[in-house]
There are 2 protein chains.
Amino acid sequence: MPERTDPYLQIGEVAERTGVTQRTLRFYEEKGLLKPPSRMDGGFRLYSEADVKRVTQIRRLQDLLGVALADIKEMVDAEEMLRELRAQYDPESGISEKRRQLEKAIEVVEAQYKIVQQKMEHLHEMKSQLEERLKTFERWSGELERLEDKAPVAGA
Amino acid sequence: MPERTDPYLQIGEVAERTGVTQRTLRFYEEKGLLKPPSRMDGGFRLYSEADVKRVTQIRRLQDLLGVALADIKEMVDAEEMLRELRAQYDPESGISEKRRQLEKAIEVVEAQYKIVQQKMEHLHEMKSQLEERLKTFERWSGELERLEDKAPVAGA
DNA sequence: GGCAGGTCTAACGCCTACGTCAAGGTTATA
DNA sequence: TATAACCTTGACGTAGGCGTTAGACCTGCC
């Protein structure tokens with residue numbers, strides 16, 4: 001009788017593994033970014049590995065794209081729809097419903113894609129500029145060195 | 001007698017041209033992100049073109065790097081030091097002082113550079129993943145279409 | 001010199017994304 | 001069965017980044 005369902009995790013472990021606080025996990029749940037996890041009899045939250053992934057995903061979107069949690073909710077909601085789409089893969093019910101969901105998902109992902117692209121372009125520009133500046137600095141540094149050789153520091 | 005100094009701008013124009021509010025401009029000044037601009041006799045702020053550039057620079061750092069204004073202050077402070085370095089380009093006074101300033105500037109710019117690089121790497125990953133997903137969506141879309149052909153929508 | 005429209009400072013407000021108690025219930029282990 | 005370690009739900013607090021309002025002042029123009 002193997003209790004092989006999933007190695008469920010308590011909130012503390014999830015917090016440790018994801019690097020966020022327990023408060024943040026409850027907060028995300030409150031805001032609908034994480035679906036309410038299952039519970040032990042006593043009320044303790046039990047998270048799955050999928051939840052852990054979801055959290056790291058959220059953090060990446062926050063950090064990389066710098067978008068608000070409300071927008072991130074849109075994105076993860078779309079993901080959730082996709083899970084459902086993939087799960088109920090019976091071609092029986094609601095094909096047009098599925099099409100609508102799929103189109104919504106495409107929309108969201110494409111929006112995300114555009115943000116990523118724009119960011120990358122702008123970052124590329126910025127990178128070039130920074131490289132320019134670093135080169136300038138090296139030149140200056142060389143010039144300063146020559147000046148120091150000619151006129152050694154006072155007190156030396 | 002040409003009054004050719006600089007076409008100085010009032011706060012409203014700067015706000016319009018940079019896309020930030022007047023409040024934001026005063027706020028940045030308060031926080032040391034913008035040096036106190038000159039004033040008209042009556043007290044109205046008079047900004048230069050350099051100030052406009054500074055503002056757009058600040059916004060880019062905010063938007064692209066997502067760093068706090070305090071950190072941005074460090075960056076723009078370094079820039080200011082460089083202006084000074086470039087301005088007083090007499091090799092007379094304080095060579096070692098200049099070296100220190102230059103090294104500080106290099107430090108700041110390199111830090112910024114690393115942030116940019118990391119962001120770009122992560123964004124690149126994310127981009128690949130998004131492309132994968134879009135391909136998957138296209139496949140699904142095709143499958144759905146075939147299903148719809150076989151079993152036309154109810155009500156048609 | 002009077003009016004419209006722009007600007008000034010000061011001060012309080014607000015939203016986001018959590019931090020930080022407090023008081024009490026749960027679980028595992030000895 | 002008791003005790004340490006963990007978790008629960010409130011509820012208030014906070015930091016950053018401005019928004020908004022009030023009341024007064026300036027500027028340009030007729």
Quiz prompt | N/O (side chain, A:R39) to phosphate O (OP1/OP2, C:dT27) under 4.0 Å | solution =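 For C:dT27, neither OP1 nor OP2 has a side-chain N or O of A:R39 closer than 4.0 Å.
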
Whole-Å gap separating [atom2] ([N]) and [atom1] ([X]):
X     : N      : atom1 : atom2 : result
A:K73 : C:dC18 : NZ    : C1'   : 18 Å
B:F27 : C:dA10 : CZ    : C1'   : 15 Å
A:F44 : C:dT27 : CZ    : P     : 6 Å
B:E30 : C:dA10 : CD    : C1'   : 10 Å
B:L25 : C:dC8  : CG    : P     : 10 Å
A:I72 : C:dC18 : CD1   : C1'   : 14 Å
A:R45 : C:dT27 : CZ    : P     : 14 Å
A:Y28 : C:dC18 : OH    : C1'   : 8 Å

Quiz item: More than 12 heavy atoms of other residues, nucleotides or ligands under 6.0 Å from CD of B:E80: is that the case?
Solution: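 Buried by this count: over 12 neighbours within 6.0 Å.
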
Practice problem: Could you pick out which residue, B:M40 or B:V67, lies toward the 5' side of DNA chain D when each is mapped onto its nearest nucleotide? | Solution: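 Counting from the 5' end, the first nearest nucleotide belongs to B:V67.
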
Is it true that the side chains of [X] and [Y] contain a donor and an acceptor less than 3.5 Å apart?
X     : Y     : answer
B:Q22 : B:R26 : yes
A:E13 : A:Y47 : no
A:R23 : A:Y28 : no
B:R54 : B:Q57 : no

Exercise. Indicate yes or no: at least one non-hydrogen side-chain atom of B:F27 is less than 4.5 angstrom from one of B:L33.
Key: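 Counting from C-beta outward, B:F27 and B:L33 never come under 4.5 Å.
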
Self-check item: Contact nearer the 5' end of DNA chain C, comparing A:D41 with A:R59
Solution: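 Checking each residue's closest nucleotide, the 5'-ward one belongs to A:R59.
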
Practice problem: From the options C:dT7, C:dG19, C:dA17, select the nucleotide whose nearest atom is closest to the side chain of A:Q62. | Solution: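 Taking heavy atoms from C-beta onward, the closest nucleotide is C:dA17.
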
Quiz prompt | Common cluster, B:L34/B:M81, ILVMFWY with side-chain heavy-atom separation under 4.5 Å | solution =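 In one cluster with B:L34: B:M81, no.
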
Quiz item: Reading DNA chain D 5' to 3', which nucleotide is the first, and which the last, to come under 4.0 Å of any heavy atom in chain B?
Solution: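 Contact boundaries, 5' end first: D:dG17 to D:dT27.
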
